[in-house]
Amino acid sequence: MAEDTNAVVEESLFDEFKEHSISEFFRKNRHMLGYSGRLRSMTTIVHELVTNSLDACEESEILPEITVEIKKIGSETFGVNIEDNGPGIPPEFVPKVFGKMLAGSKLHRLVQSRGQQGIGAAGVLLFAQMTTGKPLKITTSTGNGTIYEMEIKMSIEKNEGDVVSRNTREGFWRGTRVEGEFKDVTYNRREQGPFEYLRRISLSAPHAKITLEDPEETIVFERTVNDIPERPEVMKPHPYGLTTDELLHISRVTDSSRVSSMLNSELSRVTMKRIKELEEYVLRDTLLENYRSSVFWDTIVSCYLNFDFTKYFDIYGHYFDKKEIEDVKQLINGLPEGLGELKTYCMKYLVTQYLVQKLDDEEIKEIKNHFKKKPENFMEYMDKKYLNASLLDEFRRKLKNITKSPAEFVKSLVDLAMVSDTELEKYRKAIRDLLKKNPKEMTWKDSEVIVNVLQDMDFMAPSTVGLRPIGEENIEKSLNTLEPEFLKTLTRKPKTYKGGVPFAVEVGLAYGGEAGRSGDESRKMEIMRFSNHVPLLFDTSGCGLTNAVKSVNWRRYGLRNDEDAPVTVFVNLISTHIPYTSAGKQAIASSNEENEEIFNEIRQSLMICARELEKHISKLRKEKEEEQKRKYVMKYAVIFAEGLASITGRPKEEIEANVVNLLR
């Protein structure tokens, strides 16, 4: 009887089981797309459509001209119309662009673009439909003499766009106009509204002319640059940024007939010569795996690693936490997996050795507790207090050689009679068979072996052809609209995070004039955050860009109070993949523990600019002090002249004139 009851319960649990489309998910979770709060929702609408227009114009090498019209229709209803002079949309693609989630030309390409997910335009239609029940009206033409007008609604259950009405007319116009009505929104010119968004995007896209027609007036953000940015090129994945799952996915879609040719054709920096080298690395790790848990393991590890962790524990172990030492030993027992994490501990121990040798006993005693911190927290503190760029580069070079080369490792085993020539040939044949295998027959284990050795091989940094910075000169022209008394901009050379994802940082510092944001009594520091040239107005406190800016000790650079300073800080992060914290794309995940390469690069860039700012502020203070001294002396010049005239018998006016000349 109990079994029958359980069966009925189990069946009833699945009575309501349903499959849901991505559109249904976001209809119930619209806050994840940025539609939370009336002002934020309005800004999100403008953001999604304007960024699409900019991307379309730039890919077609057209200087963008975008008009944004915002009209109040009812107490809670606004009409938003956005028109561009872009390439237009072929009519058969209009329902897919605006009515289908996760459909687009950006998600599958490794290239920098403002949009990444294929959600934005469809999200605008979904929000209009949810709040007013009305479709979006799309007017578009590719300049072929025919203008298409369509009304589009979304079939939420199917995640597809439906054409409600269609009309065509003749006319020689090219571009796209989107018209919609939205409820649960509002409009004002506060810092997080559409006006501020367009003001900032005009700074990061200085080649665009943007016109805003709002309920108050018409404002034109003129272009300050007449050159169309170069188009970034699509890139191949870099070996350092590869995961086991990603390599398996590549193996399922590649046209290559062998694993070796797939690695050569589908990945960047992997030549056929490097694949021969890869065979030796796979052999090394296969031999290592073969001796795991054996009585010879410690001997094998000493042949594998160039870094003697035991020696460091014997000399400096009393500084470290006991659990940390156990964790490192576990990582060593798990080699070759965990090699990346092992390198972070290696860096910590190299720095520990340097500090113990450099500092006296009293200084070591003061920082003793910091040695027990996690490697990332330890490095953050020591970087601020004792390290410099050249030292860190030296330590990083040592990290590259933490493992011995495959040839050295194999020779060590042969010399110790741990492996015979016959066994070596058997292993080599299995590796050659793996690389000859059809990629579609690859297993998870095969992919894991290849990815692990790729992480340990020495490859050139990823190509940067997929990145397109704004450029120092263009940022300077944009920030000059603030009429600052000091301005410094910097575009850094591209680097990588997560092993192989390319990124670059651009920063600007504007001081004085109209720089900063208006406060109650004075101007305050203004942080302008951008990702792939797009302004980020929300989730400020939870953004890694904000935290990187605030981590700089601004007082060191002459700002007595960074909160009450007439400073605008401009930060633009560009990458083929921006690590957003959510689908709303308003905050970046980076800190000294997560994507620390991005965090540190922003800090370093700002500090370079801040050194120039410190010189400027120091000069101003010296001039001010000299002026105060001059005024002080001038105050008593008359008394001084009278006294000296009575002593020398010379005319008072002559003495006073000479004093004034001395002060000039």
Side-chain angles (χ1 to χ4, degrees), residues 110 236-294 296-297 300-301 303-305 331-342 400 402-414 418-460 462 498-500:
L110 200 61
K236 296 178 182 178
H238 190 273
Y240 287 164
L242 206 61
T243 66
T244 301
D245 179 65
E246 286 168 336
L247 184 59
L248 266 181
H249 171 72
I250 291 171
S251 74
R252 300 294 180 260
V253 299
T254 185
D255 293 328
S256 301
S257 57
R258 293 187 174 195
V259 170
S260 57
S261 57
M262 175 192 74
L263 296 174
N264 174 240
S265 62
E266 302 290 348
L267 302 181
S268 69
R269 309 303 193 192
V270 179
T271 62
M272 293 310 294
K273 180 180 177 182
R274 303 310 304 276
I275 289 171
K276 294 298 288 184
E277 188 181 337
L278 180 140
E279 291 182 28
E280 298 303 311
Y281 275 86
V282 174
L283 173 63
R284 184 195 66 178
D285 285 5
T286 302
L287 290 170
L288 181 71
E289 184 70 36
N290 195 47
Y291 280 97
R292 186 182 310 285
S293 302
S294 76
F296 304 107
W297 180 249
I300 299 298
V301 167
C303 295
Y304 182 79
L305 290 176
L331 287 170
I332 293 171
N333 289 335
L335 286 170
E337 287 187 19
L339 184 60
E341 192 175 350
L342 204 58
K400 285 185 177 180
I402 188 175
T403 56
K404 291 180 180 174
S405 71
E408 289 178 299
F409 179 68
V410 172
K411 184 178 183 303
S412 298
L413 295 193
V414 171
M418 293 282 189
V419 63
S420 67
D421 291 340
T422 304
E423 288 174 308
L424 280 177
E425 183 52 38
K426 184 181 74 172
Y427 286 128
R428 291 184 191 279
K429 182 180 183 303
I431 293 166
R432 288 194 295 269
D433 289 344
L434 166 62
L435 295 175
K436 288 178 183 177
K437 184 184 286 190
N438 187 312
K440 292 178 174 54
E441 297 174 2
M442 273 183 69
T443 64
W444 180 273
K445 182 66 176 175
D446 296 335
S447 178
E448 196 170 41
V449 167
I450 292 171
V451 167
N452 282 341
V453 299
L454 286 174
Q455 307 305 312
D456 199 30
M457 291 175 67
D458 189 18
F459 290 100
M460 289 176 62
K498 283 188 177 176

Taking all non-hydrogen atoms of both residues into account, name the closest pair between [X] and [Y] and its distance.
X	Y	value
L287	F409	CB-CE2, 3.9 Å
L242	L267	CD2-CD1, 3.9 Å
M442	M262	SD-CE, 3.9 Å

Quick one: [atom1] on [X] to [atom2] on [Y], what's the gap to the nearest 0.5 Å?
X	Y	atom1	atom2	answer
L288	L283	CG	CG	11.0 Å
L434	E441	CG	CD	11.5 Å
S412	M418	OG	CE	10.5 Å
N438	S251	CG	OG	9.0 Å
K436	I431	NZ	CD1	12.5 Å
I275	M457	CD1	CE	9.0 Å

Check: [Y] and [X] side chains under 4.5 Å, non-hydrogen atoms:
X	Y	result
L331	L339	no
F296	V301	no
D245	W444	yes
L413	I300	yes

Side-chain donor/acceptor of [X] to backbone N/O of [Y], under 3.5 Å:
X	Y	answer
N452	V449	no
S447	T244	yes
R292	L335	yes
E266	L263	no
K236	S265	yes

Going through the checks in order, is the side-chain contact (heavy atoms from CB on, under 4.5 Å) test met by T243 and V451? CA-CA 6 Å; T243 66; V451 167; 5.7 Å; no
What residue pairs, at least two apart or across chains, pass salt bridge (Lys or Arg N to Asp or Glu O under 4.0 Å) with a residue in residues 277-287? R274-E277, K276-E279, E280-R428, R284-D456
If we count only N and O atoms by modelled type, under 3.5 Å, do the side chains of [X] and [Y] hold a donor and an acceptor together?
X	Y	answer
S405	E408	yes
T422	E425	no
N290	Y427	yes

Step by step, work out the side-chain hydrogen bond (donor to acceptor under 3.5 Å, both in side chains) result for D446 and T443. CA-CA 5 Å; D446 296 335; T443 64; 3.1 Å; yes
Residues two or more places apart in sequence or in another chain: which of them pass salt bridge (Lys or Arg N to Asp or Glu O under 4.0 Å) with [X]?
X	answer
E337	none
K445	none
K411	D415
R258	none

Partners of F459 by ring-ring contact (aromatic ring centres under 6.0 Å, His included), sequence neighbours excluded?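 Result, ring-ring contact (aromatic ring centres under 6.0 Å, His included) vs F459: Y240.
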Would you mind checking if K429 and D433 are paired as a salt bridge, meaning a charged N to carboxylate O distance below 4.0 Å? yes
Would you say that more than 12 heavy atoms from the other residues, nucleotides or ligands in this model lie under 6.0 Å from the CE of M272, or not? yes
With side-chain hydrogen bond (donor to acceptor under 3.5 Å, both in side chains) as the criterion, how do S420 and E423 come out once you've worked through the C-alpha distance, each side chain's angles and the decisive distance to 0.1 Å? CA-CA 5 Å; S420 67; E423 288 174 308; 3.3 Å; yes
